[in-house]
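Structure record follows, encoded as C-alpha cells.
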Amino acid sequence: MSLIVQKFGGTSVADTKKILAAARKAIRETKEGNQVVMVVSAMGKNTDHLIDLAKEISDRPNSREMDMLLSTGEQVTVALMAIALQSLGHEAVSFTGAQIGIKTDNTYSKARIRSISTERMRKALDEGKIVIAAGFQGIDDDFNITTLGRGGSDTTAVALAAVLKADSCDIFTDVDGVYTTDPRIVPEARKVDKISYDEMLELASLGAGVMHSRSIEFAKKFNVPVHVRSSFSDTPGTIIGAEPENNEAPVCGAALAKEEARITVIGVPDKPGVAMNLFSRIAEAKIPTDMIVQNVSDQGITDISFVIPSDDLAATLKIVESTVQEIGAEGFESDNNVAKVSVVGLGMEKQPGVAQKMFHALAEKKINIHMISTSEIKISALVDRDKGIEALRAIHEAFQLQQAFVSTTVDSAITQTESASAVRSALSNEFVSRLTGMEEILIEKVSIDQSQARITLTDLPDRPGLAAEVFDQIAGGRVIVDMIVQSVGRQGLASISFTIQRNELDSVLDITEKLNRAYQCKTFSNPTVTKLTVHGTGLRSHTGLAYRMFKTLSDGGINVSIICTSERCINVVIDDSVGKTGFSLLSNEFVDEMI
C-alpha cells in the first residue's frame, strides 16, 4: 500500500464543484489501494479578501492577528473537503495545522516548521480515512497560530510527505506541470518532463510561481519526489527530483520577479564589518535579500546594492535609515519600480557564453540592465519593471527554450550524475537525522578557489547594451568569465566586476585598455584573489546566512570586495593573502550544519 500526499491550491478548490472534483481524485487513489493525505489552500481569492478586510481597518495590522485571520481560509476549505468526501461515501477527517501538530517558530507570516507529529494522521489513515490537512499554517510553542508565508501550502504538503515517508507528493494546480517560463506571459513556453531540485529551487525563488521555494528545500533535503500536475485533467505533469531533464542543456528555464525593490547604500567605508552591521539587522527582521552586490571600492569607499520583495521595502528602509549614519555611509537610495529577470540551468556550469547570450537578448530590445548577479547555475539582471515582461520573452527566445534541447551524450552524463545524486541522498539522510528543526539550514560544503584574478571597470555609461558590448570584447579574446556583478549606476555611470583565470589576466587587460579608450572608463585589477563559496540549500530564504558569513570574516579582520548570492550558494571575493584564513573561518563557522 502506497501513501500519497495530494495538495490542491486555491484555484483548484475555488468553489464547491472544484472541491468535489478534488475529492474524487482522492477517492480514486484510495480505490487503487493507497492511503491519501490531502493538503488544501484557502478557496480562490479568499486570502486576498481577508487581507483587504484587515487593511480597511488598519494600514499596519498586528502580525499575530493577521496570522489568526488568514488561517481561517484553510479551515473553511478543509471542513468543506471533508463534507464533500463524506457525501461521496468515503470516511474523512479534517485537521488544522495545530490539530496535526505542525510546530513552528514564532515568526508571524513567515514561520518556519520545527517539527510535525504524525500520530493523529497515522491513526486516521489506519482507520481507512482520508486525512485533510490545512496548508499554510502551524502553531508555536505558546499555542499562537502562525502562517508560513504566501504559497505555504506547498511547503506543508512536502513537509507532510517527508515526515510520513510518502511515496509521492502530487501538487495539483491550474497548470499541467512546470514550464520553461510562465505560459501566461510566454504562450510558447514548453512543459518539461522533469527538473532537478536545484533548478526548481532557483526558479521558484526567482519568480516562477508554480511552486513555493521553501517546499523545494524540503523536497531536496528529505529526497521527496514531487509531481506537479493539473487539477483539471489526468495528463502527466512534471517530476521534480534529483535529476534534470537534460544534463547538457545550458538553460532549463527563465523566470520573472515583477514585484521587486532595489536599495543602494552609497559611499560605504570599505572595511571589515560594515556589511555585517547592515545585514544583521535585515536578517533579524526576517527580510529575504537577493542580488547582494558589493563592487570593488574606489578610494576606500564602495556601494552596496541589494534586492528585496516590494512588500518589504518600507520595513527595510527604516532599518537602512537607522544604520547609514552608524556605519559612516554617505546615504542611500531606493527604487520600487524594478523587476528581476533570470535564467537557470545546471548545464551553464560547463558551458561558456550563457551570460553573453542573455545580455545580447536584452540589448537587442534596448532594455537597460541596472544590476547583474551570477552564480554557478543562474544569471539575474535587474531591469525597469515596465520592461520585465519584454525582457522575459527576449531571453526565452534567445535560448530557444520552447524547443527541447537535443544532445548525443545525455545517457553517459545522466549515469554519472545519478551516481553522484545517490551519494548526496545518503549523506542528506545521515544529516537530517541530526536536525532539531525540520527547516534548519543545510550546508553542503565550503569551497575555496585561489586560481582567479579580478577586473573592475568603473565610470561606464549606464545604458542599454553596455554589458553585451563589454562581454563581446571579452569573449572575443576567448576568455571564460566566472563571477559577474554590475552595480547600480550613479550619475549615469556604472561599474562591472568579473573574475577570470589568473593566466588570462594580461590578455584581458589588453582588451579593457581598448574599452577604457572607447568609453572613457577606468580599469582596476587584482591579479590574485580568492573566491570563497558556501554551498547549500535555500540560502536566500535563510535570511541570517549572509550576515553570518560577513560577521565571521569581519571578526577575522577580513574585508570582502565582491558579493554574489543565490539559493544554492553565496560567493565572496577576498584578498588572496587571507584566502586560506577565510576558508578556515567559514569552515569552522558552518561545521555543525554541514553534511
Side-chain angles (χ1 to χ4, degrees), residues 1-7 34-37 39 102 112-116 118 121-122 133 148 152-171 177-178 192-205 210-229 236-245 247 252 344 346 377 413-445 535-539 541-542 567-569 593-595:
M1 178 183 294
S2 296
L3 195 160
I4 309 297
V5 174
Q6 297 180 326
K7 180 262 176 177
N34 300 317
Q35 294 180 319
V36 176
V37 174
V39 176
I102 298 179
R112 285 189 173 275
I113 297 173
R114 288 180 172 170
S115 64
I116 300 176
T118 61
M121 288 185 290
R122 288 286 186 193
L148 310 181
S153 292
D154 288 344
T155 301
T156 301
V158 181
L160 291 181
V163 295
L164 291 167
K165 295 182 170 54
D167 296 276
S168 179
C169 181
D170 294 347
I171 305 294
V178 177
V192 299
D193 294 330
K194 64 178 179 177
I195 189 169
S196 71
Y197 293 131
D198 283 334
E199 290 170 327
M200 192 67 242
L201 181 60
E202 290 285 6
L203 286 170
S205 71
V210 69
M211 288 290 293
H212 192 227
S213 63
R214 280 167 53 192
S215 69
I216 308 303
E217 292 179 38
F218 264 112
K220 180 182 177 183
K221 187 185 297 184
F222 293 93
N223 202 27
V224 176
V226 177
H227 187 188
V228 181
R229 54 196 307 189
T238 300
I239 299 296
I240 304 172
E243 304 308 325
E245 185 178 54
N247 284 274
C252 74
V344 171
L346 289 175
I377 71 165
I414 288 177
T415 300
Q416 293 170 0
T417 309
E418 283 177 344
S419 176
S421 295
V423 173
R424 284 199 302 271
S425 294
L427 290 171
S428 180
N429 289 337
E430 178 184 345
F431 173 79
V432 297
S433 66
R434 307 198 310 265
L435 293 179
T436 57
M438 290 185 70
E439 285 198 80
E440 285 185 8
I441 194 166
L442 185 153
I443 301 296
E444 294 171 11
K445 64 178 179 178
H535 306 261
T537 299
L539 303 190
S541 68
H542 287 82
E567 283 283 356
R568 192 178 182 230
C569 62
E593 292 129 323
M594 209 175 300
I595 295 176

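In this structure, Cys252 SG and Ile377 CD1 are separated by 7.5 Å, a value rounded to the nearest 0.5 Å. The CZ atom of Arg122 sits 7.0 Å away from the CD atom of Gln35 when rounded to the nearest 0.5 Å. Note that SG of Cys569 is 10.0 Å distant from NZ of Lys445, once rounded to the nearest 0.5 Å. With rounding to the nearest 0.5 angstrom, the CG atom of Leu160 is 13.0 Å from the CD atom of Gln6. One finds the CD atom of Glu199 at 14.0 Å from the CD atom of Glu567 (value rounded to the nearest 0.5 Å). With rounding to the nearest 0.5 angstrom, the CG atom of Leu201 is 6.5 Å from the OG1 atom of Thr537.
Looking at every heavy atom in both residues, Arg112 comes nearest to Arg214 through CA-NH2, 3.6 Å. Summarising the geometry of Pro225 relative to Tyr197, their closest heavy-atom pair is N-OH, 3.9 Å, with the distance given to 0.1 Å. Taking both residues in full, the closest heavy atoms of Asp167 and Ser2 are given as OD2-CA, 3.2 Å, listed atom of the first, atom of the second, then distance. The two residues Ile113 and Ala159 have their closest heavy-atom pair at CD1-CB, 3.9 Å. Nearest heavy atoms, Glu202 versus Arg568: OE2-N, 3.2 Å. Nearest heavy atoms, Ser215 versus Val158: O-CG1, 3.5 Å.
Under the 4.5 Å side-chain criterion, counting only non-hydrogen atoms from C-beta, Ser196 is in contact with Leu346. The shortest distance between side-chain heavy atoms of Val163 and Phe222 does not fall below 4.5 Å. Between Leu3 and Lys165 there is no side-chain heavy-atom pair separated by less than 4.5 Å. A heavy-atom distance below 4.5 Å is found between the side chains of Met211 and Val226. Side-chain contact check for Val210 versus Thr238: every heavy-atom pair is 4.5 Å or farther apart. Within the 4.5 Å cutoff, side-chain heavy atoms of Met121 are placed close to those of Ile116. Side-chain atoms of Ser153 and Lys7, non-hydrogen and from C-beta on, do get closer than 4.5 Å to each other.
With respect to the salt-bridge test (charged N to carboxylate O, under 4.0 angstrom), the residues Glu444 and Lys220 qualify.
With no hydrogens or angles considered, a side-chain donor-acceptor pair links Ser168 and Asp170 at under 3.5 Å.
Evaluated for a side chain to side chain contact (heavy atoms under 4.5 Å, CB included) with Val39, the options Thr156, Thr155, Ile171 yield exactly one hit, Thr156.
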